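Given the structure is predicted, the values throughout are model-derived calculations rather than measurements. We name chains A, B, ... by the order of the sequence lines, and we start the count at 1 in each one.
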There are 2 protein chains.
Amino acid sequence: MAKSIYDVAQETGLSVSTVSRALNGYSDVSAKTRARVAEAAERLGYVPNTSAKNLSSKNKKNVALLICGLLEEAQSNEFMMNVIQGAYSYMMKHEINLAMYSIGKEEQEKKDFDTFCREYSLSGAVIMGLRITDPLVKTLPHSNMPCVSIDIQLDGTCTSAVMTDDRKAFEQITQYVIDRGHRKLILVYGRKKSDVSIRRQQGYLDALKKNGIDPKSCKIIYTDFMEQKAYEGTKKMLMEYKREAGTAFVCMSDLTAIGVLRAVQELGYESPEDFSITGYDGNYFMKYIDPFITRINQNMWQKGYDAAKLLMKMVNDEKYSRIHMTKYFLEDGKSVKQL
Amino acid sequence: MAKSIYDVAQETGLSVSTVSRALNGYSDVSAKTRARVAEAAERLGYVPNTSAKNLSSKNKKNVALLICGLLEEAQSNEFMMNVIQGAYSYMMKHEINLAMYSIGKEEQEKKDFDTFCREYSLSGAVIMGLRITDPLVKTLPHSNMPCVSIDIQLDGTCTSAVMTDDRKAFEQITQYVIDRGHRKLILVYGRKKSDVSIRRQQGYLDALKKNGIDPKSCKIIYTDFMEQKAYEGTKKMLMEYKREAGTAFVCMSDLTAIGVLRAVQELGYESPEDFSITGYDGNYFMKYIDPFITRINQNMWQKGYDAAKLLMKMVNDEKYSRIHMTKYFLEDGKSVKQL
DNA sequence: GTGAAAGCGCTAACAT
DNA sequence: ATGTTAGCGCTTTCAC
């Protein structure tokens, strides 16, 4: 049967409050009592009721991971899972229980972040999958609950963000390509007005500039971060310009890199022999693609980990707002030829 | 500020209990009152506190998705994510809130399923990622809380399972290969003692038997469901037997199919020209592999959906125990040659 | 059809 | 160092 704290009190002959204090590690409990309580609780198989705890306590420390757009976009699954694993790794290490909730657009419209936290007795949350167009983005700045968003920057006094320094990262990979003798590049762009695309392009331009390459001499293919558009764009470009198109495709995502590769191969070329290709993201399955495509790995796992860490800092120490850049890394592959 | 049911009562001039009944759709509330309460609640931005609800109510209907082994085995991520999405799809459609919790081995040892449910005020859960060696497997049969496990069959009066009919599925894909003229097959086995491997092999043998093929004339490569072992095994076999090894590799997973393909190609052969290959699972990224490998798609999304549906049936209607076989399907690819 | 009041299991003053 | 007591926000008898 269900054992409550009352049963433990009975068993030990102590009062409920003493048992509570003993169980929660308060200092004003004698070692002997603490041990006795622990023993009895263990023996009885007592487990505290989370709801009751939440209800009575003001400084609850429940935290959650909110997933927006869970049911949309199948291709971002791997990202989400990596973030989830990273976040859990931190929380488990620190013995913090992390709940996960999916929150759709309709739900976001009905309640703001504070309300959501109140509903689930949360003292803060990591939010992932949030898009700039989501209703939550509007209410979050006025929130009073600690919140860490992944890959999106929000206003607010206690809303932090964990992101990638896309500009620097993209400059680095562009420089990597240039270092190998390429000067006629083809930028495979992401979604046209997306923030990350713009930041990555800036990095791209930074690299060109530093190396005295005229951006006008380099072509651009616009995509939606996915494979198909990159495939079509590349095919069209190569059919028109052949080798004159450039020597290296610098892509804003791993998926577009795959699209480029497929187009290149279908037209009878080889990579990296005829065209070099670089990716961006860190999708796991890319290791099954031959050649392994050199890329920036955004390190989503680490983002989850960093976000969890940051959240706990905000929950425990102080409410503050900051932007954290997670370390990315360049993965060396076989897809860039030394000219 | 945080609005409680008390505020709504004040606002409407009604009592707390009436408001509660109105909000929860009880029949003994006049339509007028109900509307008045709804309006006030909406206007005040009232959101019920989940913890308080759980604490006071006996027939709570919280359900959760428990994830075992979340931090292990990176390759099963995609499966998990698909199950998650499927389960959420059902729950959202029926406006049921689904929480997710990760539960590691240590936690499983500390508390049994019933205790876990009590701790989180759950009235049932879907469990995924559970291995036959996990501590939970021992305690689950004695549980009194509805539980649906994915891909693993448990004893118990209210523990159901959602699985794939591996035997039939594997027979089907084997038959598919045989139908295209192959009679000298190579079975690429999964983990040696795993249940699913055994079931799939049975299906394989069923097909051989029905077609009068002597199993002894067909070779086997043992793996761990992953790429590397399949790659090595295939390479060794092809170097020794060349084309005499067989004409088609029938694999127990998509990843092993990739390993086989890589070995085949590295030795200067082509698929499906020289060797046919089939997969099993339904990993999304396989669509980036050329040729697209014909396979059984386990339909993990559907498993999640079915599990959620089954759980709600168990929670609402009656406690019972059953095994549900989710529909799989054969995905036609380009990797099997007509001989 | 509605209200009063007793809890659900726990924490947190406040006493002692 | 331990006990007493008053809630946390809600549901649910039981009256009326």
If you compare every side-chain N and O of [X] against the phosphate oxygens of [N] (OP1, OP2), does one of them come in below 4.0 Å?
| X | N | value |
| --- | --- | --- |
| B/Tyr26 | D/dT12 | yes |
| B/Ser4 | D/dC8 | no |
| A/Ser20 | C/dA12 | no |
| A/Ser51 | C/dC10 | no |
| A/Lys53 | C/dT11 | yes |
| B/Ser30 | C/dG1 | no |
| B/Asn24 | D/dT11 | yes |

For atom [atom1] of [X] and atom [atom2] of [N], their distance in whole Å:
| X | N | atom1 | atom2 | answer |
| --- | --- | --- | --- | --- |
| B/Ile5 | D/dG7 | CD1 | P | 19 Å |
| A/Asp28 | C/dT11 | CG | C1' | 13 Å |
| A/Leu14 | C/dT16 | CG | P | 20 Å |
| A/Asn54 | C/dA12 | CG | P | 12 Å |
| A/Asp7 | C/dC8 | CG | C1' | 14 Å |
| A/Leu44 | C/dG9 | CG | P | 14 Å |
| A/Arg36 | D/dA1 | CZ | P | 14 Å |
| B/Glu119 | C/dC10 | CD | C1' | 14 Å |

- Base D/dG3 to side chain A/Ser17, donor-acceptor N/O within 3.5 Å cut-off: yes
- Query: Ignoring hydrogens and angles, does a donor from either the side chain of B/Arg21 or the base of C/dG3 sit under 3.5 Å from an acceptor on the other?
  - Reply: yes
- Item | A/Val162 and A/Asp151: CA distance, side-chain angles, deciding distance, side chain to side chain contact (heavy atoms under 4.5 Å, CB included) verdict | CA-CA 6 Å; A/Val162 168; A/Asp151 278 342; over 6 Å; no
- Closest to the A/Asn49 side chain: D/dT2, C/dC10, D/dG9? C/dC10
- Query: Is the shortest side-chain N to carboxylate O distance from B/Glu106 to B/Lys110 below 4.0 Å?
  - Reply: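 Looking at B/Lys110 together with B/Glu106, the answer is no, because their closest N to O distance does not fall below 4.0 Å.
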- With sequence neighbours left out, what residues match B/Thr139 under side-chain hydrogen bond (donor to acceptor under 3.5 Å, both in side chains)?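 Partners of B/Thr139 under the side-chain hydrogen bond (donor to acceptor under 3.5 Å, both in side chains) test: none.
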- Task: Might you point out which heavy atoms bring A/Leu140 and A/Leu154 nearest each other, and give the distance in Å?
- Result: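 Here A/Leu140 and A/Leu154 meet closest at CD2-CD2, 3.3 Å.
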- Message: Let me spell it out: for each of B/Val19 and A/Ser56, pick the nucleotide of DNA chain C with the closest heavy atom. Which residue's pick is nearer the 5' end?
- Response: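 Residue closer to the 5' terminus by nearest nucleotide: B/Val19.
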- Would you mind telling me which residue lines up with the more 5' stretch of DNA chain C, A/Tyr46 or B/Ser15, judged by nearest nucleotide?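 Nearer the 5' end of the strand: B/Ser15.
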- So the side-chain hydrogen bond (donor to acceptor under 3.5 Å, both in side chains) pairs with at least one residue in residues 38-49 of chain A (sequence neighbours excluded) are A/Glu11-A/Arg43, A/Glu39-A/Arg43
- Any donor and acceptor pair, going by atom type alone, linking the side chain of B/Gln302 with main-chain N or O of B/Lys327 inside 3.5 Å?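 The answer is no, because no donor-acceptor pair under 3.5 Å joins these two groups.
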- Is there a donor-acceptor pair under 3.5 Å between the side chain of B/Asp134 and the backbone N or O of B/Arg131? yes
- Rounded to 10°, tell me the angle between the two end axes of the helix from C/dG1-D/dC16 to C/dT16-D/dA1, each built from five pairs. 30°
- Item | Whether B/Tyr120 and B/Phe116 hold their rings parallel, tilted or perpendicular, with breakpoints at 30° and 60° |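 B/Tyr120 and B/Phe116: tilted rings.
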